[in-house]
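To keep things clear, I will list the structure first and then write my remarks on it.
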2 protein chains.
Amino acid sequence: MPKIIVEIMPKADLLDPQGKAVLNALHRQGYGKIQNVRIGKRIEIHLNDAPSAEDLEGAREIADSFLSNGVIEDVVNIHVED
Amino acid sequence: MPKIIVEIMPKADLLDPQGKAVLNALHRQGYGKIQNVRIGKRIEIHLNDAPSAEDLEGAREIADSFLSNGVIEDVVNIHVED
């Protein structure tokens with residue numbers, strides 16, 4: 001089933017407490033080389049048919065207006081997977 | 001800064017209530033062609049230097065044992081971004 005994948009991350013200049021907690025836990029486990037961890041969302045939109053240019057445009061609108069919060073998040077990638 | 005990107009999704013045969021809620025909302029907004037929505041995680045692991053094969057192996061371990069819950073989630077992708 002074709003999917004449109006929307007990837008959303010917290011903005012770079014915002015704190016990400018969840019990511020920070022994971023970073024600290026990984027440091028405690030000995031993964032000292034890791035500089036930072038940030039946790040975002042990966043959203044799959046499933047379609048019956050391969051998406052048209054119009055579908056992709058729609059997905060971009062959905063990603064910006066509905067799936068992400070522009071105040072605190074960036075849509076970092078939208079792509080199609082089979 | 002080089003990043004290892006870990007993508008985690010709920011297992012295909014599990015309900016994803018958050019995705020279902022988004023699907024219903026999108027249908028109400030007129031996006032009737034969308035068959036399903038599933039919401040997972042996109043985790044960035046930031047490193048100072050380009051990851052070695054060992055770092056990638058470590059990331060795979062972290063992804064399987066710590067970042068994801070194997071009972072309900074699948075690690076669908078691990079890749080490197082600059």
Side-chain angles (χ1 to χ4, degrees), chain A residues 1-12 16 18-52 54-63 65-68 73-79 81, chain B residues 1-12 16 18-52 54-63 65-68 73-79 81:
Chain A
M1 184 174 271
K3 301 167 197 160
I4 300 173
I5 313 291
V6 177
E7 296 173 55
I8 296 169
M9 295 301 293
K11 278 186 189 293
D16 172 10
Q18 198 186 0
K20 188 77 182 164
V22 169
L23 175 68
N24 292 342
L26 290 173
H27 280 178
R28 282 196 299 276
Q29 290 188 22
Y31 294 99
K33 280 178 72 179
I34 298 174
Q35 297 300 309
N36 201 8
V37 174
R38 297 192 67 86
I39 301 183
K41 289 184 282 190
R42 181 184 186 277
I43 300 173
E44 292 184 353
I45 298 171
H46 297 206
L47 301 168
N48 267 343
D49 307 306
S52 61
E54 199 184 320
D55 292 337
L56 266 174
E57 191 48 47
R60 249 174 233 117
E61 275 175 35
I62 292 169
S65 66
F66 187 74
L67 299 176
S68 70
E73 293 172 323
D74 286 322
V75 178
V76 294
N77 191 17
I78 296 182
H79 66 277
E81 266 182 29
Chain B
M1 182 173 272
K3 301 168 197 158
I4 300 173
I5 313 291
V6 177
E7 296 173 55
I8 296 169
M9 294 302 294
K11 279 187 189 291
D16 172 10
Q18 198 187 359
K20 188 77 182 166
V22 169
L23 175 67
N24 292 341
L26 289 174
H27 280 177
R28 282 197 300 276
Q29 290 187 24
Y31 294 98
K33 280 177 72 180
I34 298 174
Q35 297 299 308
N36 200 8
V37 174
R38 298 193 65 88
I39 301 183
K41 289 185 283 191
R42 179 183 186 278
I43 300 173
E44 291 185 353
I45 298 172
H46 297 207
L47 302 167
N48 268 342
D49 306 307
S52 63
E54 200 184 318
D55 292 337
L56 267 174
E57 192 45 48
R60 249 173 234 120
E61 275 175 36
I62 293 169
S65 66
F66 186 75
L67 299 175
S68 70
E73 292 171 324
D74 286 321
V75 178
V76 294
N77 190 17
I78 295 182
H79 67 278
E81 266 183 28

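Every chain is numbered from 1, with letters handed out A, B, ... down the list of sequences.
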Any idea which heavy atoms bring K33(A) and L47(B) closest together, and the distance?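 Heavy-atom minimum between the residues: O-CD2, 3.7 Å.
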
Which heavy atom in F66(A) sits nearest to a heavy atom in A25(B), and how many Å separate them?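 Residues F66(A) and A25(B), closest heavy atoms: CZ-CB, 3.4 Å.
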
Per-residue contact mode, [X] against chain B (heavy atom under 4.5 angstrom):
| X | result |
| --- | --- |
| V6(A) | neither |
| D55(A) | side chain |
| L67(A) | side chain |
| E81(A) | neither |
| Q18(A) | neither |

Enclosure of K20(A) NZ (heavy-atom neighbours >12, cutoff 6.0 Å):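 Open: at most 12 neighbouring heavy atoms sit under 6.0 Å from NZ of K20(A).
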
Could you give the distance from [atom1] ([X]) to [atom2] ([Y]), rounded to the nearest 0.5 Å?
| X | Y | atom1 | atom2 | value |
| --- | --- | --- | --- | --- |
| I62(B) | I34(A) | CD1 | CD1 | 4.0 Å |
| Q35(A) | H46(B) | CD | NE2 | 10.0 Å |
| M9(A) | K3(B) | CE | NZ | 8.0 Å |

Does any part of the side chain of N77(B), heavy atoms only, come nearer than 4.5 Å to the side chain of R42(A), both counted from C-beta?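 A side-chain contact under 4.5 Å is absent here.
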
Are I43(A) and V22(B) packed together at the side-chain level, in the sense that at least one heavy-atom pair is separated by less than 4.5 angstrom?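 Answer no - side chains too far apart.
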
Count the heavy-atom pairs under 4.5 Å between each of I39(B), D16(B), N48(B) and chain A, then report the option with the highest count.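 Between I39(B), D16(B), N48(B), the count favours N48(B).
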
